[in-house]
Enquirer: 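Before we start, here is the structure in question, set down as structure tokens.
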Amino acid sequence: MNIQSEDIKKFNYLVKETDALYHEYALSCNITDSVAEILYVISSIGEGCSQRDICRLSGSSKQTINSAIKKMEREGMLNLRPGHGRINTIYLTERGKNLAEEKIAPLIKMENEVLDSWSDKDRKELLRLTERYLVELRQKIDEKS
């Protein structure tokens, strides 16, 4: 039984291919996807973020991020510091900062170059329609729950 429209097949394919591209990039850098995601989020929003921030912004599960953070801490890439209440905040060590600068900064630069090469109208349209899809799909899923 084939119940997916051609448009949703294409959309899902593009999402999966984008995910695969980030996976391939992490492999080419000799780091795991989880390490790449953590370094990416910290590079984007700054140090002092929480595990919850990383989960929310990366889309990865709490268990996956928690395991990766513990491993990165053991390997001297980051430190956990007490935050508000039971929340620990995450700070990169020199080793972690160097890794982020060497591996993640070039990726972010490439992302910016791609979108900067588009017209302002095209960038805004991509973001508008992607957000609309997310909001409407979330509403449908919430209605079903």
Side-chain angles (χ1 to χ4, degrees), residues 4 7-145:
Q4 283 185 315
D7 288 341
I8 199 64
K9 284 180 188 176
K10 179 71 172 186
F11 183 79
N12 287 337
Y13 168 78
L14 293 171
V15 168
K16 296 298 182 192
E17 281 296 303
T18 302
D19 288 345
L21 193 56
Y22 283 99
H23 171 71
E24 290 169 19
Y25 182 81
L27 285 178
S28 76
C29 293
N30 295 316
I31 58 176
T32 65
D33 292 352
S34 300
V35 168
E37 289 171 348
I38 291 166
L39 293 174
Y40 187 99
V41 170
I42 294 171
S43 296
S44 297
I45 66 171
E47 294 186 279
C49 61
S50 68
Q51 179 177 320
R52 178 181 290 156
D53 295 328
I54 293 172
C55 292
R56 184 175 47 84
L57 295 171
S58 71
S60 291
S61 72
K62 181 179 177 183
Q63 296 85 351
T64 298
I65 295 302
N66 187 49
S67 295
I69 285 172
K70 286 180 181 176
K71 183 173 188 258
M72 291 173 74
E73 187 176 28
R74 282 192 309 273
E75 293 177 0
M77 290 186 233
L78 58 79
N79 292 314
L80 298 175
R81 299 181 192 164
H84 299 291
R86 294 178 36 210
I87 296 174
N88 286 323
T89 53
I90 301 164
Y91 291 85
L92 296 177
T93 62
E94 280 306 308
R95 181 172 182 222
K97 288 176 184 177
N98 291 339
L99 190 61
E101 185 63 33
E102 180 185 328
K103 307 294 186 183
I104 302 305
L107 173 62
I108 292 171
K109 182 176 185 259
M110 289 183 276
E111 291 173 324
N112 286 328
E113 287 171 352
V114 169
L115 285 183
D116 288 347
S117 73
W118 295 8
S119 70
D120 188 53
K121 179 184 174 196
D122 286 348
R123 283 192 306 271
K124 285 183 176 164
E125 187 72 356
L126 170 70
L127 297 174
R128 184 185 72 76
L129 291 173
T130 304
E131 183 175 27
R132 178 180 170 189
Y133 178 80
L134 175 64
V135 167
E136 291 180 18
L137 182 58
R138 182 175 284 132
Q139 287 172 341
K140 296 277 186 199
I141 289 172
D142 288 347
E143 288 170 6
K144 180 154 177 43
S145 301

Enquirer: Sub-3.5 Å donor-acceptor pair from the side chain of Y22 to the main-chain atoms of D33, do we have one?
Expert: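 Judged by distance alone, no pair lies under 3.5 Å.
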Enquirer: Residues two or more places apart in sequence or in another chain: which of them pass salt bridge (Lys or Arg N to Asp or Glu O under 4.0 Å) with E75?
Expert: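 E75 satisfies salt bridge (Lys or Arg N to Asp or Glu O under 4.0 Å) with K71 once adjacent residues are dropped.
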Enquirer: Would you say L126 and D122 make side-chain contact, with heavy atoms under 4.5 Å?
Expert: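 Side-chain contact under 4.5 Å: no.
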Enquirer: Any side-chain heavy atom of I38 sitting closer than 4.5 Å to one from S58?
Expert: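 Not in contact.
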Enquirer: Near E101 CD, under 6.0 Å, is it more than 12 heavy atoms from other residues, nucleotides or ligands?
Expert: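 Counting other residues, nucleotides and ligands, CD of E101 stays at 12 neighbours or fewer.
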Enquirer: Can you tell me if D53 uses its side chain to pair, donor with acceptor, with the backbone of S50 under 3.5 Å?
Expert: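 Present.
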Enquirer: Are any of the side-chain heavy atoms of E37 and V41 separated by less than 4.5 Å?
Expert: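 They are not in side-chain contact.
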Enquirer: Show the numbers, then the answer: is there a side chain to side chain contact (heavy atoms under 4.5 Å, CB included) between L39 and L92?
Expert: CA-CA 9 Å; L39 293 174; L92 296 177; 3.7 Å; yes
Enquirer: Would you say T130's side chain and L127's backbone share a donor-acceptor pair under 3.5 angstrom?
Expert: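 The answer is no, because no donor-acceptor pair under 3.5 Å joins these two groups.
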Enquirer: Check salt bridge (Lys or Arg N to Asp or Glu O under 4.0 Å) between R86 and all other residues, then give those that pass, not counting sequence neighbours.
Expert: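 Testing R86 for salt bridge (Lys or Arg N to Asp or Glu O under 4.0 Å), a comparison that skips the adjacent residues, returns none.
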Enquirer: With side chain to side chain contact (heavy atoms under 4.5 Å, CB included) as the test, would you mind laying out the steps for L80 and I90 before giving the verdict?
Expert: CA-CA 5 Å; L80 298 175; I90 301 164; 3.6 Å; yes
Enquirer: Within the 4.5 Å heavy-atom criterion, are V35 and K103 side-chain neighbours or not?
Expert: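 Result no, sub-4.5 Å side-chain heavy-atom pair not found.
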Enquirer: Tell me if the CZ atom of R52 is crowded by more than 12 foreign heavy atoms within 6.0 Å.
Expert: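 Atom CZ in R52 is not crowded, with 12 or fewer foreign heavy atoms closer than 6.0 Å.
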